[in-house]
**Q** 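Before I ask anything, let me first share the structure, which is written out below as structure tokens.
Order of appearance sets the numbers: ligands from 1, and atoms from 1 within every ligand.
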Amino acid sequence: MARIVMKFGGTSVADLDRIHNVARHVKREVDAGHQVAVVVSAMSGKTNELVGWVQGMPKACGASSPLYDAREYDAVVASGEQVTSGLLAIALQSIGVDARSWQGWQIPIRTDNAHGAARIVDIDGSEIAKRMERGQVAVVTGFQGLAPDNRIATLGRGGSDTSAVAVAAALKADRCDIYTDVDGVYTTDPRVEPRARRLAKISFEEMLEMASLGAKVLQVRSVELAMVHKVRTFVRSSFEDPDAPGMGDFENPPGTLICDEEEIVEQQVVTGIAYAKDEAQISLRRVADRPGVSAGLFGPLAEANINVDMIVQNISEDGSKTDITFTVPTGDVEKALAVLNKARESVGFDAVQSESGLVKVSVIGIGMRSHAGVAATAFKALADKGINIRAITTSEIKISILIDGPYAELAVRTLHSVYGLDKH
Ligand code: ASP
Ligand code: MG
């Protein structure tokens, strides 16, 4: 007997038939004797619709400002999960499984006060644990909690992954199964490289890099949380027949386990290749080379909530002027240029140039810590294909390379193959 948290994303609960299918997955685990809590997203597309309504409301009233109250945004947008939790509880009851729905505030899942992008601070799992021990399934709304002002708060888009991991940590679950529309984590995006392989296991650190650097399987914060609390997290498909052979295998179910690196016996040097589109490069020419310049540039960018990623600064030839290049999301270029032009006078630089539509390709693997030459292999492979490198950043377990947009897929396939990740 184990304790399992099962999370189902929007496509897995998109209509009544799929919710029935989800109920059958849950019943399988209950029938096997496990204690089960379920975390659900809203039906796919629902949250977007709700967000659209909130954004349209002020204008529909002829208001001159498009601004709206974040507390009311949360009140509206959290309703999608309320619907699916109730429907799944009904579905479970209809097939003979004892179940009860739980809104974030009923547990409660306590968050901070950052309405619209709240963080979970505490979960009191005692009541649902008691009921799980008696065989009742708790169906918990993802994406929401209760803020200190006693109002519903949502966790930011994609937040139900984080809810699931947090609930699993609070309940000390043996595993958190994230059911989604793909059957695991792949060495790279299979739509770009059909020879991508599904990984049986990946370490928390690597998954964190994969998610941060473009892989869309899990919300980044959920991986952070899983790493901190050591929640064994399992990515698997909800679309398979719930009763197909092996689906209920506790030791070795189909999917990808995200776990401590100690659990991974045969560590490859490189585990995966991620990519992120829509990067933009901004270059400042002939910036004064003196203390305080970077603070003078990146401080105002941070205040404007612009996420700066790769930063490259050249050594100045004569000790007085240098070039600084960095990347931001393409959507933030205009805002960044406005901020920089404002800072121009106090910081001092000659010109600013920008280029959008670039791609960051990243090579990820904890094996890099103990292997030399991983970066050199990437550079040579890209050079052989005539792909120009614009910027490079590295950490202990990853190399990120900025290239021109049209080369994205070629670069991903080239790197996937040069590190021996292709399926044979
Ligand atoms: N329904 C929310 C969203 O679409 C949360 C989630 O699905 O993870 O962002
Ligand atoms: Mg999701």
**Q** Look only at interatomic distance and state if D161 has a nitrogen or oxygen under 3.5 Å from any nitrogen or oxygen of ligand 1.
**A** no

**Q** Under 3.5 Å, sequence neighbours excluded: what are the donor-acceptor pairs made by side chains of residues 145-159?
**A**
unit_1	atom_1	unit_2	atom_2	d
D149	OD1	H115	NE2	3.4
D149	OD1	R151	N	3.1
D149	OD2	R71	NE	2.9
D149	OD2	H115	NE2	2.8
T154	OG1	D74	OD1	2.6
R157	NH1	N48	OD1	3.0
R157	NH2	N48	OD1	3.0

**Q** Taking only heavy atoms of S41 into account, list the atoms of ligand 1 that are under 4.0 Å away from them.
**A** 6 (C), 7 (O), 8 (O)

**Q** Does G156, backbone or side chain, put an N or O under 3.5 Å from an N or O of ligand 1?
**A** no

**Q** Just wondering, do L415 and V361 contact through their side chains at under 4.5 Å, heavy atoms?
**A** yes

**Q** Do R175 and F250 form a cation-pi contact, if we require the NZ or CZ to be under 6.0 Å from the six-membered ring centre and within 45 degrees of the ring's axis?
**A** yes

**Q** When you look for heavy atoms under 4.0 Å from ligand 1, do you find them on the side chain of Q219, its backbone, both, or neither?
**A** neither

**Q** Quick check: closest heavy atoms across V39 and T141, and the distance to 0.1 Å?
**A** CG1-C, 4.5 Å

**Q** Can you tell me how far OG of S79 sits from CD of Q103, rounded to the nearest 0.5 angstrom?
**A** 10.0 Å

**Q** Given E81, K7, M43, which one has a non-hydrogen atom that is nearest to atom 1 (N) of ligand 1?
**A** E81

**Q** Looking only at distances, can you tell me whether any N or O atom of T47, backbone or side chain, sits closer than 3.5 Å to an N or O atom of ligand 1?
**A** yes

**Q** Any heavy atom of G80 closer to ligand 1 than 4.0 angstrom?
**A** no

**Q** Provide the number and element of each atom of ligand 1 under 4.0 Å from a heavy atom of R157.
**A** 3 (C), 4 (O), 9 (O)

**Q** Kindly determine whether F326 and F298 satisfy ring-ring contact (aromatic ring centres under 6.0 Å, His included), including the steps that lead there.
**A** CA-CA 10 Å; F326 58 91; F298 296 114; 5.1 Å; yes

**Q** Can you find a non-hydrogen atom of G9 under 4.0 Å from ligand 1?
**A** no

**Q** We want to know whether Y419 and D422 form a side-chain donor-acceptor pair, criterion being a heavy-atom distance below 3.5 angstrom.
**A** no

**Q** Would you tell me which option among A164, S160, G142, S222 has the nearest heavy-atom contact to atom 8 (O) of ligand 1?
**A** S160

